[in-house]
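Step one of this worksheet: look at the structure below.
Please read these numbers as outputs of a predicted model, since none were measured by experiment. So that the names make sense, note that chain A is the first sequence line, chain B the second, and so on, each numbered from 1.
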There are 2 protein chains.
Amino acid sequence: MGSLTIGKVAGLAGVGVETIRFYEREGLIPKPPRKESGYRQYPEEAVVRIRFIKRAKDLGFSLKEIREILSLRISSEVTCEDIRVRAEAKISDIEKKIGTLTKMKRALTKLTSACMGEVPVSRCPILEALEGEES
Amino acid sequence: MGSLTIGKVAGLAGVGVETIRFYEREGLIPKPPRKESGYRQYPEEAVVRIRFIKRAKDLGFSLKEIREILSLRISSEVTCEDIRVRAEAKISDIEKKIGTLTKMKRALTKLTSACMGEVPVSRCPILEALEGEES
DNA sequence: CTTGACTCCGTAGTATGGTACGGTCTTTAT
DNA sequence: ATAAAGACCGTACCATACTACGGAGTCAAG
């Protein structure tokens with residue numbers, strides 16, 4: 001108990017076994033301890049971590065960025081100042097994404113109301129909603 | 001005037017010329033009219049559309065999904081009902097993304113406060129903040 | 001009226017993020 | 001005790017989204 005095989009972790013996290021081995025090679029998850037047989041033994045936390053990776057990927061973060069985000073933790077090797085600066089940079093990335101998504105949502109909502117017959121649409125509201133933006 | 005070369009569009013949209021030709025092949029942007037020489041002539045709207053594609057990509061939408069979003073417009077070929085249904089599905093995707101980003105942001109903010117010396121952090125707040133979630 | 005920057009096209013190559021294969025060893029359920 | 005299911009490994013393959021190449025034609029500034 002308190003230790004899962006790779007297949008269990010994969011099932012719980014909703015990914016394939018090969019994906020977990022891939023993430024291990026890529027340094028996104030720590031190498032777990034092994035049994036004498038060589039089988040990997042994961043703590044339950046591994047599931048949480050893999051689910052996090054999955055979500056972050058859906059949000060447009062690359063594995064490289066995710067690795068960076070995951071490495072943001074307090075340790076003796078990095079200064080707090082350094083962590084703060086990097087975390088703040090990620091926060092601002094995230095805020096930008098939220099802002100753009102909010103605009104897209106408003107545009108789509110406008111489209112649905114137009115479809116309810118409330119407004120005649122001359123141009124594409126999806127494109128209009130994002131006009132005049134700097135990336 | 002009112003018509004741009006592919007290079008101009010690329011510059012204004014912040015992508016390469018080859019990317020635009022690629023998007024055209026993939027059906028993400030309409031085929032523009034040509035001069036007798038064969039040169040593409042883009043309306044200024046093309047820039048807006050390409051910038052939209054760029055942003056949507058950053059937010060984790062695939063080109064396939066972006067093509068779908070961009071095809072959501074009122075025309076004689078699709079019923080309003082159909083558009084409404086598809087737009088609402090996209091809206092709910094977007095809301096989910098916003099929700100997850102908001103959680104990530106809160107987690108990172110917590111991390112920065114911890115770094116300001118306010119709280120001692122025992123476990124990783126980034127992972128904790130997303131615990132117990134279903135995708 | 002030349003010359004350098006830009007366009008055309010098809011095809012090939014690259015980076016990212018997996019996914020599959022296949023042969024061998026381990027675990028587990030009957 | 002045995003067989004099916006699952007794990008091990010390296011390597012190869014795949015889809016997505018570009019990016020580069022090369023040879024030829026076009027445009028526009030001096």
Side-chain angles (χ1 to χ4, degrees), chain A residues 1-44 46-47 49-71 93 135, chain B residues 1-43 46-47 49-70 93 135:
Chain A
M1 294 275 78
S3 145
L4 304 163
T5 62
I6 195 169
K8 293 270 169 54
V9 174
L12 290 167
V15 301
V17 165
E18 303 303 321
T19 303
I20 296 180
R21 300 212 305 117
F22 174 72
Y23 287 166
E24 183 180 321
R25 280 200 297 285
E26 296 294 309
L28 284 151
I29 48 178
K31 297 190 185 216
R34 306 285 188 113
K35 298 174 80 163
E36 327 75 60
S37 60
Y39 278 31
R40 289 169 180 83
Q41 292 179 291
Y42 291 97
E44 311 204 351
V47 177
R49 195 176 176 104
I50 292 163
R51 284 214 274 238
F52 175 88
I53 295 169
K54 225 184 142 194
R55 280 214 188 80
K57 225 169 25 73
D58 270 6
L59 293 165
F61 292 99
S62 67
L63 295 188
K64 190 163 168 286
E65 289 173 308
I66 295 168
R67 193 165 35 226
E68 279 165 30
I69 293 172
L70 285 172
S71 71
D93 287 357
S135 104
Chain B
M1 293 273 76
S3 143
L4 303 163
T5 62
I6 195 169
K8 293 269 170 53
V9 174
L12 290 167
V15 300
V17 166
E18 303 303 322
T19 302
I20 297 180
R21 300 210 307 118
F22 173 73
Y23 287 165
E24 182 180 322
R25 280 200 297 284
E26 297 295 309
L28 284 151
I29 48 177
K31 296 190 186 216
R34 306 285 188 112
K35 297 174 79 162
E36 327 74 59
S37 60
Y39 277 31
R40 289 168 180 83
Q41 291 179 291
Y42 289 97
V47 177
R49 194 175 178 106
I50 292 163
R51 284 214 274 239
F52 175 87
I53 296 168
K54 225 184 141 193
R55 282 217 185 78
K57 226 167 27 72
D58 270 6
L59 293 166
F61 293 99
S62 67
L63 295 188
K64 190 164 170 285
E65 289 174 308
I66 296 168
R67 193 165 34 225
E68 278 166 31
I69 294 172
L70 285 171
D93 288 357
S135 105

Quiz item: Just how far is it from atom CD1 of Ile29(A) to atom OH of Tyr42(A), taken to the nearest 0.5 Å?
Solution: 5.0 Å
Practice problem: Could you tell me the separation between the CD1 atom of Ile53(B) and the CG atom of Leu70(B), rounded to the nearest 0.5 Å? | Solution: 5.5 Å
Quiz prompt | Step-by-step side-chain contact (heavy atoms from CB on, under 4.5 Å) determination, Val15(A) to Phe22(A) | solution = CA-CA 11 Å; Val15(A) 301; Phe22(A) 174 72; over 6 Å; no
Taking only residues two or more places apart in sequence, or in another chain, which ones meet [X] in a side chain to side chain contact (heavy atoms under 4.5 Å, CB included)?
X: Val47(A); answer: Leu4(A), Val9(A), Leu12(A), Ala13(A), Arg51(A)
X: Thr5(B); answer: Lys8(B)
X: Phe61(A); answer: Ala56(A), Leu59(A), Glu65(A), Ile66(A), Ile69(A), Ile94(A), Lys97(A), Leu101(B), Met104(B)
X: Arg67(A); answer: Glu26(A), Leu28(A), Lys64(A)

Quiz prompt | Strand-adjacent residues in residues 4-13 of chain B, judged by heavy atoms under 4.0 Å from DNA chain D | solution = none
Quiz item: Charged N to carboxylate O below 4.0 Å: is that the case for Glu24(B) and Arg21(B)?
Solution: no
Practice problem: Take Tyr23(A) and Leu63(A) through the side-chain contact (heavy atoms from CB on, under 4.5 Å) test and state the conclusion after the steps. | Solution: CA-CA 9 Å; Tyr23(A) 287 166; Leu63(A) 295 188; 4.1 Å; yes
Practice problem: Tell me which of Val17(A) and Glu36(B) sits closer to the 5' end of DNA chain D, going by the nucleotide each one is nearest to. | Solution: Val17(A)
Quiz item: With sequence neighbours excluded, what pairs up with Glu68(A) under the side chain to side chain donor-acceptor pair (under 3.5 Å) test?
Solution: Lys90(A)
Practice problem: Going 5' to 3' through nucleotides 9-20 of chain D, assign each nucleotide B (protein heavy atom under 4.0 Å from a base atom), S (under 4.0 Å only from sugar-phosphate atoms) or - (no protein heavy atom that close). | Solution: BB------BBBB
Self-check item: Least distance between heavy atoms, Gln41(A) atom then Pro32(A) atom
Solution: O-CB, 3.5 Å
Practice problem: Search all heavy atoms of Gly16(B) against all heavy atoms of Ala10(B) and return the closest pair with its distance. | Solution: C-CB, 3.9 Å
Practice problem: Provide the start and end nucleotides, 5' to 3', of the part of DNA chain C that has atoms under 4.0 Å from heavy atoms of chain A. | Solution: dG17(C) to dT27(C)
Practice problem: Compute the bend angle of the helix from dC1(C)-dG30(D) to dT30(C)-dA1(D) from the end axes (five pairs per end), rounded to 10°. | Solution: 20°
